2 protein chains.
Amino acid sequence: MNGQFQIAVHILTLLNQEPGELIASEYIAGSININPVLVRKEIRNLRNYGLITSKEGKAGGYSLGRSPEKITLGDVYKAVYSNPALGQAKNLPNPDCPVGRQINQHLNELAADVESAIFKQLNTITLADFSLKFK
Amino acid sequence: MNGQFQIAVHILTLLNQEPGELIASEYIAGSININPVLVRKEIRNLRNYGLITSKEGKAGGYSLGRSPEKITLGDVYKAVYSNPALGQAKNLPNPDCPVGRQINQHLNELAADVESAIFKQLNTITLADFSLKFK
DNA sequence: TGTACTGTAACATTTTTAATTACAGATGAA
DNA sequence: TTCATCTGTAATTAAAAATGTTACAGTACA
């Protein structure tokens, strides 16, 4: 997997530091130490999930889409989630082999169980909880 | 992440189908539909964890390193585990930012919690359990 | 109307993953 | 003893994915 989740949590943590204020992508990028365009890209995604709101134009920027008590790290994972935690096999197993024929189905069920264990864990932590660590 | 876990489980499942017999990398590669050298590479890794034994030379091949009741999918995950489930940020956050300064530490703790949730889930399933699905 | 932002496309670069080739070494059988 | 069939592994190439960069249109405010 990639660093999207970390970036997303970092962004949200920053926004939560200055409630009500609008923060620019340049500032955020400076804290994470990545390119501002990447920040804006990730924010586009998080905004689609309602986790962030944005304002264009001069003195524009970003702020939380809802209160940090109502954002769990599971929500973030869901927004960012593209690659399953167990990885994804891209080969097509041999359909003439009894194992190859059905293994993908079983691996997918397994992946689903693991995902749900991850959500269960991450949903216990809100952004508010996480941000407390920075006080 | 990549498809290593799936490949590892596929290999082990195949080996468990023919207890006691030696199976060649070519056959395994044919079922998974990948290159035999990749199979041997992954097996080298699994062998380091005691999950597989191998025999060189003519009529050589691979078999399980211990009974399938004693191999959990958590063992497999551990052997394959290189990339954490949440991904890994490769940027160095800005040390002059209160958030950037300490976020990696907190993200790592978070990652550890998630890993342990994954293990908890995967350790409930043995290779024997998983193989039952193919009968 | 200029300035400071976001939004996004297009492209380049870097990193990671997978495939391929090649061959040495082991083992067993003719 | 020598041939065939396997593993073990290094080295290289090719393909895919992630990340970085550049460029610029659009929006909002002063």
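In this text the structure is predicted, and so the values were computed from the model without any measurement. Every chain is numbered from 1 and lettered A, B, ... according to where its sequence line falls, protein lines coming before strand lines.
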With sequence neighbours excluded, what pairs up with Ser67(B) under the side-chain contact (heavy atoms from CB on, under 4.5 Å) test? Glu69(B), Lys70(B)
Spacing between Glu26(B) atom CD and dT20(C) atom C1', to the nearest angstrom: 13 Å
Can you find a pair of side-chain heavy atoms, one from His10(B) and one from Ile28(B), that are under 4.5 Å apart? no
Nearest-Å distance for atom pair CG/P, residues Asn33(B) and dT20(C): 10 Å
Does Ser54(A) put a side-chain nitrogen or oxygen below 4.0 Å from OP1 or OP2 of dG7(C)? yes
Starting at CD1 of Ile32(A) and ending at C1' of dT19(D), how long is that distance when rounded to a whole Å? 13 Å
Do Asp129(A) and Thr126(A) get their side chains close enough for a donor-acceptor pair, meaning under 3.5 Å? yes
Residues two or more places apart in sequence or in another chain: which of them pass side-chain hydrogen bond (donor to acceptor under 3.5 Å, both in side chains) with Gln105(B)? Glu109(B)
Rounded interatomic separation in angstrom, taking CD from Gln4(B) and C1' from dT17(C): 10 Å
Length of the line joining Leu38(B):CG and dA10(D):C1', which is rounded to integer Å: 14 Å
Output the residues of residues 39-51 of chain A in contact with DNA chain C, where contact means a heavy atom of the residue under 4.0 Å from an atom of the strand; sort by number or write none. Arg40(A), Lys41(A), Arg44(A), Arg47(A)
Identify all side-chain donor-acceptor contacts of residues 53-65 of chain B below 3.5 Å with residues at least two apart in sequence or on another chain.
residue, atom, partner, partner atom, Å
Thr53(B), OG1, Ser63(B), OG, 3.1
Ser54(B), OG, Arg47(B), NH1, 2.9

Is there a side-chain contact between Ile7(A) and Leu38(A) (heavy atoms, below 4.5 Å)? no
For the residue pair Phe134(B) and His106(A), categorise the inter-ring angle as parallel (less than 30°), tilted (30 to 60°) or perpendicular (more than 60°). perpendicular
Toward the 5' end of DNA chain D, which comes first, Ala24(B) or Val37(B), by nearest nucleotide? Ala24(B)
Side-chain N or O of Asn35(B) closer than 4.0 Å to phosphate OP1/OP2 of dT20(C): yes
Can you list the residues that meet the salt bridge (charged side-chain N to carboxylate O under 4.0 Å, His left out) rule with Asp113(B), with sequence neighbours excluded? none
Considering only heavy atoms from C-beta outward, does the side chain of Tyr49(A) approach that of Val80(A) to under 4.5 Å? no
Walk along nucleotides 25-30 of chain C from 5' to 3' and tag each nucleotide B, S or - by protein heavy-atom contact under 4.0 Å, base first, then sugar-phosphate. BBBB--
Between Tyr27(A) and dA4(C), is there a contact of a side-chain N or O with OP1 or OP2 at under 4.0 Å? no
